[in-house]
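First the structure, in the form of structure tokens, and then the observations on it.
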Amino acid sequence: MSDTFTFRVLASDGQARRGEISMPRGTVRTPAFMPVGTAGTVKAMYMDQVQAVGTDIVLGNTYHLMLRPGAERVARLGGLHEFARWPHPILTDSGGFQVMSLAALRKIREEGVTFRSHVDGQVYEMSPERSIEIQGLLDADIQMQLDECVRLPAPRKDVERAMELSLRWAERCKDAFGDQPGKAMFGIVQGGIDPDLRARSAAVLSAMDLKGYAVGGLAVGEPQEVMLEVLEATCPALSAEKPRYLMGVGTPDDILKSVARGIDMFDCVMPTRAGRHGLAYTRRGKINLKNARHAEDPRPLDEESDCPAARDYSRAYLHHLVKSGEALGAMLLTWNNLAYYQRLMADIRAAIEEGLLEERAAGMREEWARGDLAAL
């Protein structure tokens, strides 16, 4: 732990970095995967389980927590760490992505965003300053700038306008954030899939000398190869001494390929959402527990896993839980999925330290391609 926010690179393998973010509430080993705790909870998980699978940091959502239970209420109750019983680092996103998804309910102006709550229709104002204020009330350790995220594909002029607005908002967020010892504000690189716009966004944000930088506006429908091309153009333009966070990504293969291009931090709803819908992530690839082939299979998901959900329960039982709509099915599969993702990150970190990332990644892909065990 550290009294200040620091990042250091401990090892590298090509563009991939094995690093460490230190702050008063704990150390984040990078590359890191942040489970999404949208409303102060990682769905279908106890927080002690989230930690036990190897999680160093979780993500909270400014928009959703602002609506329910309200940032001021959370502050009165001791902040999000106390409220959710998670004493470790928390990153809060700014609400920009939700603003994009609420296109029919919002209006964007220079001052900020006016939108109607999807919960009760109440009108809210979200300025860059208010976004930082809310994240401060939540007591987040890493706070994200408010940005405008454009759904792709979109005309270049719309992407450029949103990117320029996001840069102006970043300056306002920086001023509003001020000096908060032990905490950090990250800027968000926007610009769609245009390398020139991404380069300009990265250059302007880098000049602000923020404590970290995110790449936003990806994983919104574009092919993987396009996302990787954007990363190849963007990461070299960002300081090698600051952490780089790819927002909303992604699949295990997305993570492997993004780490190889210099990304240090990830978040995605995929493992938790998949768990609630009967899908398990394993070293043999994805397994759909809804399929009838599992109905009488006494084997576990993965006999070699150190996660009880994967090792100690039969596929037949998991199939039964999923088909019956039992809450325990979602809990066990989410537990398995987050354990798999954190094991993936630990393996990536070890591979970078040994200079073997490309070789280990190839081995993982070969195992995914072989697929699941044959049906009994």
Side-chain angles (χ1 to χ4, degrees), residues 1-35 51 54-60 81 86-94 132 135-136 139-145 147 170 173-174 177-189 201-216 231 234-249 255-256 258-268 342 344-355 357:
M1 295 187 187
S2 171
D3 291 337
T4 59
F5 180 97
T6 61
F7 173 70
R8 58 183 182 138
V9 175
L10 304 176
S12 60
D13 183 3
Q15 298 301 310
R17 297 118 61 87
R18 159 75 174 100
E20 189 174 84
I21 299 171
S22 295
M23 57 190 108
R25 286 194 173 99
T27 297
V28 178
R29 298 161 293 177
T30 65
F33 179 81
M34 299 181 287
Q51 182 187 11
T55 302
D56 295 331
I57 179 172
V58 298
L59 180 145
H81 300 82
W86 177 262
H88 315 291
I90 294 176
L91 178 148
T92 45
D93 68 9
S94 66
I132 294 297
Q135 294 178 76
D139 200 19
D141 303 282
I142 300 177
Q143 303 171 25
M144 302 303 299
Q145 73 151 102
D147 63 329
C173 285
K174 179 184 177 182
F177 180 82
D179 181 21
Q180 298 186 33
K183 297 185 177 183
M185 192 205 92
F186 283 17
I188 303 176
V189 178
S201 180
V204 174
L205 288 171
S206 294
M208 295 182 197
D209 193 27
L210 303 172
K211 292 182 180 179
Y213 300 96
V215 181
L231 294 182
T234 304
C235 286
L238 297 172
S239 171
E241 299 175 355
K242 307 288 180 71
R244 304 169 184 148
Y245 163 31
L246 179 56
M247 305 180 76
V249 175
I255 289 173
L256 280 174
S258 300
V259 165
R261 288 159 174 80
I263 294 296
D264 306 298
M265 301 169 67
F266 301 87
D267 81 277
C268 189
Q342 295 300 1
L344 172 68
M345 304 314 295
D347 289 346
I348 288 172
R349 292 191 294 265
I352 294 171
E353 289 174 354
E354 297 172 35
L357 180 61

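Small disclaimer: the values here were computed from a predicted structure and weren't measured.
Annotation: side chain of Met34 is not in contact with side chain of Phe266 (no heavy-atom distance under 4.5 Å). Side-chain contact between Arg18 and Val9 is absent, with no heavy atoms from C-beta onward closer than 4.5 Å. Between Val249 and Cys268 there is no side-chain heavy-atom pair separated by less than 4.5 Å. The shortest side-chain heavy-atom distance between Met247 and Asp267 falls under the 4.5 Å cut-off. Here the side chains of Ile142 and Ile57 are in contact, with some heavy-atom distance below 4.5 Å. In this structure, the side chains of Ile21 and Thr6 stay at 4.5 Å or more apart for every pair of heavy atoms. Between Leu59 and Thr92 there is no side-chain heavy-atom pair separated by less than 4.5 Å. Counting only heavy atoms from C-beta outward, the side chains of Val28 and Met23 approach each other to under 4.5 Å.
With hydrogens and angles disregarded, a donor-acceptor distance shorter than 3.5 Å links the side chain of Gln145 to the backbone of Ile188. Remark: side-chain polar atoms of Thr55 are not paired, donor with acceptor, to backbone N or O of Gln51 under 3.5 angstrom. Formation of a donor-acceptor pair under 3.5 Å by the Lys174 side chain with backbone atoms of Met208 is found in this model. For Lys183 (side chain) and Gln143 (main-chain N/O), no donor-acceptor pair under 3.5 Å exists by modelled atom type. At distances below 3.5 Å, not a single donor-acceptor pair connects side-chain atoms of His81 with backbone N or O atoms of Pro89.
Atom CD of Gln180 sits in a crowded spot, with more than 12 heavy atoms from other residues, nucleotides or ligands closer than 6.0 Å.
Residue Ser201 holds its OG atom at 9.0 Å from CG of Asp147, rounded to the nearest 0.5 Å. Once rounded to the nearest 0.5 Å, the distance linking SG of Cys235 with OH of Tyr213 reads 13.5 Å. Note: Leu91 CG to Asp141 CG = 9.0 Å, rounded to the nearest 0.5 Å. Rounding to the nearest 0.5 Å places CE of Met345 at 10.5 Å from CG of Asp56.
The pair Asp264-Arg244 does not count as a salt bridge, with every side-chain nitrogen at least 4.0 angstrom from each carboxylate oxygen.
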